[in-house]
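Every chain is numbered from 1, with letters handed out A, B, ... down the list of sequences.
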There are 4 protein chains.
Amino acid sequence: MTPTTDSKGERPMRRDAARNRERLLDAAAEVFAESGLQGTVEDVARVAGVGMGTLYRRFPTKEALIDALVSAILDDILRDARVARDAADGQGLRDFLVAVGERQAHRHGQLPRIWGAERHAEPTRKIQAEIAALLADAQEHGRVRADAVPADIFAAIWSLRGVTESTRGVAPDAWRRHLEILLAGLEPSHAPLTYEPLARDVVERLPAR
Amino acid sequence: MTPTTDSKGERPMRRDAARNRERLLDAAAEVFAESGLQGTVEDVARVAGVGMGTLYRRFPTKEALIDALVSAILDDILRDARVARDAADGQGLRDFLVAVGERQAHRHGQLPRIWGAERHAEPTRKIQAEIAALLADAQEHGRVRADAVPADIFAAIWSLRGVTESTRGVAPDAWRRHLEILLAGLEPSHAPLTYEPLARDVVERLPAR
Amino acid sequence: MTPTTDSKGERPMRRDAARNRERLLDAAAEVFAESGLQGTVEDVARVAGVGMGTLYRRFPTKEALIDALVSAILDDILRDARVARDAADGQGLRDFLVAVGERQAHRHGQLPRIWGAERHAEPTRKIQAEIAALLADAQEHGRVRADAVPADIFAAIWSLRGVTESTRGVAPDAWRRHLEILLAGLEPSHAPLTYEPLARDVVERLPAR
Amino acid sequence: MTPTTDSKGERPMRRDAARNRERLLDAAAEVFAESGLQGTVEDVARVAGVGMGTLYRRFPTKEALIDALVSAILDDILRDARVARDAADGQGLRDFLVAVGERQAHRHGQLPRIWGAERHAEPTRKIQAEIAALLADAQEHGRVRADAVPADIFAAIWSLRGVTESTRGVAPDAWRRHLEILLAGLEPSHAPLTYEPLARDVVERLPAR
DNA sequence: GATGAATGAGTTTTCATTCAT
DNA sequence: CATGAATGAAAACTCATTCAT
């Protein structure tokens with residue numbers, strides 16, 4: 001396994017530096033989950049158990065820290081999608097949405113940035129490609145209506161975001177039942193959709209926050 | 001029509017005071033739509049065309065201003081629900097969700113607080129009662145599955161919120177297609193839902209961010 | 001006399017605001033004279049007897065405060081030049097250099113910015129025009145060598161700057177004797193100068209610090 | 001030639017240590033010339049190609065590094081003065097001022113400290129002695145007015161400093177023409193100077209910065 | 001009352017210096 | 001010893017709230 005690299009992706013970091021980087025990302029996730037993105041960098045540093053300077057050595061601005069966090073989540077989601085492609089019988093799409101729901105439920109606080117694609121166009125594009133494949137597979141197996149497009153799956157993700165964001169703290173699993181309803185709505189044999197789907201490239205230009 | 005009252009709901013306000021109140025609420029809606037809730041009170045006062053002192057005479061804190069804004073929206077939504085009860089053939093629920101979608105699409109910025117029910121338990125309860133009636137009506141007309149409960153309709157609202165928030169600015173109508181899918185999922189003749197619905201009172205305790 | 005206006009030069013400021021503006025400029029002059037430009041804005045605010053917010057209401061950044069200070073000095077110097085034109089017998093140039101020497105001696109700390117013309121091209125140009133007139137007058141009266149150009153007078157000013165900067169605190173009048181020597185060197189009947197003078201427009205492009 | 005010694009001037013340093021010392025001084029000169037004295041020690045270390053620890057092993061504080069740099073320049077200037085004594089016909093003083101002008105033009109950034117003699121009284125004293133000799137020689141040859149004193153030559157140096165500092169980057173040779181005027185002012189047969197010269201010992205107490 | 005200037009605690013960011021690897 | 005990561009005090013700047021005019 002390749003060692004963690006710094007933000008410019010160059011030579012590997014010293015072991016202690018890499019450990020601090022991870023600690024900082026974990027701490028940031030915790031603090032932002034608690035207080036939203038206006039949680040302070042000072043709190044992040046304290047929770048990580050490092051000094052302010054260490055945080056700023058690793059991440060040149062607070063924004064960079066948030067971006068790194070979001071990148072990590074998007075990478076996880078991309079991995080989820082690739083894992084889901086192994087599912088049999090066109091079940092991959094459902095598996096993927098469940099995985100995304102879980103990630104979002106654990107990462108509230110960062111949600112507004114995760115789907116602010118204008119800062120993360122590349123991973124978003126890759127995820128979109130995976131979604132297209134998962135969707136096609138599900139459609140071939142007759143599990144999903146023919147008029148659904150990848151943008152509808154993104155909408156489903158944002159939908160789960162809305163539910164997790166509203167229920168966070170008090171009902172961490174509320175999104176699961178909502179997803180059941182959504183998936184039912186995506187099954188075949190419904191009246192055709194009347195509104196136009198979102199253009200493919202719009203997904204890559206979503207505003208951050 | 002009863003004259004506007006001040007925040008403590010006591011004697012009616014002088015005419016110009018009431019006008020300032022409205023101006024400030026409009027300005028706040030505009031500023032928060034633009035910049036989110038971290039928009040500054042100074043901006044609000046400037047857009048309203050009044051001084052800071054006037055703002056603070058009307059609303060003792062920024063929180064109070066936001067609360068007033070949210071209350072107004074919740075009142076609007078409650079009114080939407082009551083209007084929707086006049087719809088024929090169990091279409092009221094659908095009409096209501098469309099109305100809420102439109103309100104949310106026009107009021108992003110305040111969304112996180114709108115469904116932070118712990119500060120607005122009473123109007124939320126009233127809305128919940130209306131939703132229960134709309135849902136029962138839709139179920140009686142065979143338009144909505146029997147295992148849906150009012151909390152599922154709330155989830156649908158949060159779901160729309162998630163879509164409007166993600167697409168704001170770039171695709172203001174994306175939520176309409178998503179709602180079609182959601183409503184399809186709420187139709188009868190689907191496999192029964194396996195996850196438990198949200199307890200009725202949880203809706204009233206949602207965290208305000 | 002027209003009341004002080006804010007930095008955008010629009011409508012007049014409230015009396016107390018104008019007073020604070022003056023206080024802040026005085027305090028800044030004092031603090032920067034003491035500690036150089038790395039004197040802190042907090043010190044400036046404290047010396048002025050106002051809060052940080054007041055400073056930042058008047059001057060949006062520390063740079064803006066420094067610029068305002070420099071502008072005021074340049075305005076003073078321009079006024080000195082115009083006053084000097086009233087001097088009889090071609091003595092105006094000497095009077096002007098004495099005046100500039102005094103200003104610089106009282107405003108050390110800001111010196112590097114005063115002659116960083118790239119940020120203050122307009123007043124610098126006006127001063128240059130006045131210097132050209134004073135120089136021509138002095139030359140007509142046979143007090144200054146014919147091969148001197150306005151840039152040489154600027155060099156004399158920077159020269160005084162060098163002396164005041166080096167001797168500040170310990171010998172506040174050292175520049176006066178140095179100026180006598182310089183003026184002697186500018187008298188007629190010396191061997192002609194062999195190095196080319198500075199191009200006229202270079203003076204307006206001097207780097208700030 | 002005696003080997004370089006460490007900052008306490010004791011036993012000679014190992015060869016590689018001495019090389020690091022030189023590298024650091026060169027790097028510091030470069031960085032400070034670029035950014036002034038607020039250039040960072042981290043930049044110095046990077047330009048020198050060594051780690052921070054090495055820098056701090058060689059120089060216990062940033063101040064010590066600056067002092068070492070200034071000492072080196074003052075040593076160079078002292079050497080310039082001694083070389084100038086070999087000049088024939090009382091030209092040594094002029095040669096010396098040209099040499100100092102060149103050094104200053106190449107070492108802006110450190111200028112404020114070079115002539116902050118309170119930290120470098122000893123070399124300053126030695127330079128003063130050399131200047132006294134050069135001046136006497138020039139006066140004996142009838143090249144310089146009889147009422148000039150060594151402090152006037154220091155003032156000339158600070159004067160050149162003022163010109164180089166103001167014109168740095170845009171007119172690296174502007175000081176040469178200014179020096180011609182200054183030397184003209186130092187020639188005999190001018191009206192006697194009316195302001196008292198600087199006391200001899202003041203030169204040794206100039207404030208650092 | 002209305003106005004908008006003043007307040008100051010809180011936030012992000014920098015950088016000389018120290019210390020683990 | 002050399003390295004470069006870690007430290008944390010200090011600096012610039014923001015903004016909800018108060019108060020003089």
Inset, instruction - By nearest nucleotide on DNA chain E, pick out whichever of A:Glu63 and B:Gly49 is the more 5' one. - result: B:Gly49

Legend entry - Residue closer to the 5' end of DNA chain E, B:Met52 versus D:Gly39 (nearest nucleotide): B:Met52

Measure the distance from [atom1] on [X] to [atom2] on [N] and round it to the nearest whole Å.
{"X": "B:Leu65", "N": "F:dA16", "atom1": "CG", "atom2": "P", "value": "11 Å"}
{"X": "D:Leu24", "N": "F:dT3", "atom1": "CG", "atom2": "C1'", "value": "13 Å"}
{"X": "A:Leu37", "N": "E:dT12", "atom1": "CG", "atom2": "P", "value": "11 Å"}
{"X": "D:Glu42", "N": "E:dA16", "atom1": "CD", "atom2": "C1'", "value": "10 Å"}
{"X": "C:Arg46", "N": "F:dA11", "atom1": "CZ", "atom2": "C1'", "value": "14 Å"}
{"X": "D:Phe59", "N": "F:dA2", "atom1": "CZ", "atom2": "P", "value": "13 Å"}
{"X": "C:Asn20", "N": "E:dT7", "atom1": "CG", "atom2": "C1'", "value": "11 Å"}
{"X": "B:Arg23", "N": "E:dA2", "atom1": "CZ", "atom2": "P", "value": "11 Å"}

Is a side-chain donor or acceptor of [X] paired with a backbone partner of [Y] at a separation under 3.5 angstrom?
{"X": "D:Glu63", "Y": "D:Thr61", "result": "no"}
{"X": "C:Glu118", "Y": "C:Ala208", "result": "yes"}
{"X": "D:Arg161", "Y": "D:Ile114", "result": "no"}
{"X": "A:Glu30", "Y": "A:Ala28", "result": "no"}
{"X": "C:Lys62", "Y": "C:Thr40", "result": "no"}

Inset, instruction - Describe the nucleic acid contact of A:Gln38 in one word from base, sugar-phosphate, nothing, applying a heavy-atom distance below 4.0 Å. - result: nothing

Inset, instruction - Just call it for D:Val41: base, sugar-phosphate, or nothing, with non-hydrogen atoms closer than 4.0 Å on any strand. - result: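 It contacts base atoms.
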
Legend entry - Separation between OG of A:Ser71 and CD1 of A:Ile66, rounded to the nearest 0.5 Å: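 These two atoms lie 12.0 Å from each other.
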
Legend entry - Inter-residue atom distance A:Ile73.CD1 - A:His120.NE2, 0.5 Å rounding: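 One finds 9.0 Å between CD1 of A:Ile73 and NE2 of A:His120.
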
Inset, instruction - Between A:Leu55 and C:Thr54, name the one whose nearest nucleotide on DNA chain F is closer to the 5' end. - result: A:Leu55

Inset, instruction - Between A:Gly51 and D:Gly53, name the one whose nearest nucleotide on DNA chain F is closer to the 5' end. - result: D:Gly53

[X] side-chain N/O to [N] phosphate OP1/OP2 under 4.0 Å:
{"X": "B:Arg57", "N": "E:dA2", "answer": "yes"}
{"X": "A:Tyr56", "N": "E:dT14", "answer": "no"}
{"X": "A:Thr40", "N": "E:dT11", "answer": "no"}
{"X": "C:Arg19", "N": "E:dA5", "answer": "no"}
{"X": "B:Arg58", "N": "E:dA2", "answer": "yes"}

Legend entry - B:Leu24/B:Arg21 under side chain to side chain contact (heavy atoms under 4.5 Å, CB included): CA gap, chis, key distance, verdict: CA-CA 5 Å; B:Leu24 281 163; B:Arg21 209 187 120 90; 5.9 Å; no

Inset, instruction - Map every base of DNA chain E to its dot-bracket character, where paired means a Watson-Crick or G-U wobble contact with both distances under 3.5 Å and | marks a partner outside the strand. - result: .||||||||||||||||||||

